Amino acid sequence: MERGVKLTHMRERLVISVSGKGGVGKTTTAALLTRIVTEKTKRDLLVVDADPVMNLPRALGIEVVKSVGSIATRLRKDIDEGTYSGEVAKQDVLEGEIFEALVENPKFDFLAMGRTEGEGCYCYVNRLLTQILDTLSKNYEITLLDMSAGLEHLSRRTNRNVDVLIIVVDPSRAAFEAALRIRDLAKEVHIEFKKIVVIGNRFPLDMEEELGNQFAAEDMLLIGLIPSDEELSKVNYRGAPLFELNGESPAVKAVESIAERLGLLSEVTLLRLLGHDS
Ligand SMILES: Nc1ncnc2c1ncn2[C@@H]1O[C@H](COP(=O)(O)OP(=O)(O)O)[C@@H](O)[C@H]1O
Ligand SMILES: [Mg+2]
C-alpha cells in the first residue's frame with residue numbers, strides 16, 4: 001500500500017459515499033473522482049462498488065473475479081451445511097477471501113460488494129463483513145463508495161462511517177426529490193456526516209446559481225455541476241474506461257474542480273473537512 005512519498009505525516013481517513021436516484025451519474029462521478037484523485041495526488045485510495053449492479057468496474061477498466069457478496073453467500077451456505085466449526089475460523093476464512101477479492105491496481109485498490117443470493121438472514125455474515133470492511137478501510141486515506149440507487153443502504157452499516165455524503169442529481173424533479181429523501185433518511189437513521197454536498201450532473205453550466213439556490217433553501221450545498229459530455233457518451237458506449245477520456249473533456253475538468261472544492265486535492269482542506277483545523 002506504500003505508493004511513493006506521502007503528502008503529509010497526518011494519516012487521516014476520509015470515507016466518501018456517492019448516492020442519488022438511479023441513472024443520475026453516481027458511477028460516472030465516482031469513476032471520474034477516482035481518476036482525478038489518482039492523477040493529482042498520491043493518496044492511498046480504496047474504491048468500493050457498493051451497487052449490486054456493478055457498473056463501476058467497467059468505468060474503471062477493472063475485471064472483477066470475486067465479489068464480497070459471492071463470498072458471503074458461499075460462507076453462509078457452508079455454515080448452514082455445518083462445514084465450519086469455531087468462530088475464529090469463520091472470521092479468518094472470510095478475511096482471507098476478502099483480501100483475495102481486493103483488486104490491487106497500481107494507483108488504487110478496488111472491491112466489489114456484489115450481491116448475496118438466497119433467502120434468509122445474513123445477519124451473522126454481515127456483521128463479520130462490517131468488521132472486516134471497517135478494518136480494511138483504515139488502511140486507506142480515502143475510501144470512495146459508489147452506492148446503489150435504493151435508500152436501504154443508508155440504514156445499513158456500509159454507510160455508517162461516512163464523512164462526506166455526495167448526492168448526485170440530474171435535471172429532473174425526481175432526482176431533486178430523491179436527494180431530499182436521502183438527506184432526510186440519513187438524519188432519521190442518525191448517520192452523522194461531516195459534510196453533505198450535491199453535484200448536479202448533465203446540467204447546463206449556466207444553471208449553477210439557480211440550482212445552488214434551490215439546494216441552499218434546503219440547507220444543502222451544491223458543490224458543482226458536471227455538464228453533459230459528448231466524449232463521455234462515446235467512451236461509455238464503447239464500454240471503455242473513463243481513464244480514456246481526454247483530460248480536457250468538460251466532465252473531467254468539472255470533476256477536477258469539484259474534487260478541488262471538496263478538498264481532496266489539497267491536504268489543508270482535507271484536514272479542515274475533518275474538523276482538525278478551524
Ligand atoms: N455528464 C455526462 N455526460 C454524458 N453521459 C453521462 C454523463 N453522466 C452520466 N452519463 C451516462 O449516463 C448513464 C448513467 O450514468 P451512471 O453514472 O451509470 O448513473 P448511476 O450510477 O447514477 O446509475 C451512463 O450511461 C453514463 O455514461
Ligand atoms: Mg451506478
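Index from 1, following the sequence. What you see is a predicted model, and the numbers here were worked out from it, not measured in a lab.
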Residue pair V68, I132: steps toward the side-chain contact (heavy atoms from CB on, under 4.5 Å) verdict:
CA-CA 11 Å; V68 172; I132 293 168; over 6 Å; no

Decide yes or no for [X] and [Y]: does some side-chain heavy atom of the first lie under 4.5 Å from some side-chain heavy atom of the second?
X    : Y    : result
L32  : L245 : yes
V64  : F110 : yes
L46  : I142 : no
P57  : D49  : yes
V162 : I16  : no
L265 : T41  : yes
V15  : V164 : no
Y140 : L14  : no

With sequence neighbours excluded, tell me which residues meet salt bridge (charged side-chain N to carboxylate O under 4.0 Å, His left out) with [X].
X    : result
E208 : R261
E218 : R183
E39  : R35

Testing the basics here: between [X] and [Y], what is the closest heavy-atom pair and its distance to 0.1 Å?
X    : Y    : answer
V252 : G247 : CG1-O, 3.7 Å
L225 : P204 : CD1-O, 3.5 Å
S19  : M147 : OG-CG, 3.8 Å
S172 : A175 : OG-N, 3.1 Å
K26  : G20  : NZ-O, 3.3 Å
D170 : G23  : OD2-O, 4.4 Å

Can you name the residues that form a side-chain contact (heavy atoms from CB on, under 4.5 Å) with [X], not counting sequence neighbours?
X    : answer
E210 : M207, Q214
E248 : N246, K253
A101 : K66, I71, L111

For a quick test of your reading: what N or O donor-acceptor pairs under 3.5 Å do the side chains of residues 196-203 make, sequence neighbours left out?
residue, atom, partner, partner atom, Å
N201, ND2, V24, O, 2.8

Can I get a per-line list of side-chain donor-acceptor pairs under 3.5 Å for residues 234-242, giving both atom names and the distance, sequence neighbours left out?
residue, atom, partner, partner atom, Å
R238, NH2, E244, OE1, 2.8

Step-by-step side-chain contact (heavy atoms from CB on, under 4.5 Å) determination, L165 to I182:
CA-CA 10 Å; L165 174 65; I182 290 168; 4.1 Å; yes

Are K194 and D163 close enough for a salt bridge, meaning some N to O gap below 4.0 Å?
yes

M113 side, atom CE; L145 side, atom CG - distance, nearest 0.5 Å:
9.0 Å

Starting at NZ of K138, measure out to OG1 of T143 and round the result to the nearest 0.5 Å.
10.0 Å

Any chance you could lay out the salt bridge (charged side-chain N to carboxylate O under 4.0 Å, His left out) test for R13 and E141, step after step, and finish with the verdict?
CA-CA 4 Å; R13 317 282 166 223; E141 283 161 276; 5.7 Å; no

Run the side-chain hydrogen bond (donor to acceptor under 3.5 Å, both in side chains) test against [X] and tell me which residues pass, sequence neighbours left out.
X    : result
S233 : none
S249 : D229
T29  : none
D78  : R74

Take a 6.0 Å sphere around CD of E81 and say whether it holds more than 12 heavy atoms from other residues, nucleotides or ligands.
yes

Could you go through E97 and V93, starting from their C-alpha distance and side-chain angles, then the distance that decides it, and tell me whether this counts as side-chain contact (heavy atoms from CB on, under 4.5 Å)?
CA-CA 6 Å; E97 290 201 32; V93 167; 3.6 Å; yes

Give the C-alpha distance, both sets of side-chain angles, the deciding distance and a yes or no for side-chain contact (heavy atoms from CB on, under 4.5 Å) between L56 and V47.
CA-CA 9 Å; L56 191 56; V47 183; 3.5 Å; yes

In terms of the angle between their ring planes, are F243 and F108 parallel, tilted or perpendicular, with boundaries placed at 30° and 60°?
parallel

Are the side chain of T38 and the backbone N or O of K107 linked by a donor-acceptor pair below 3.5 Å?
no

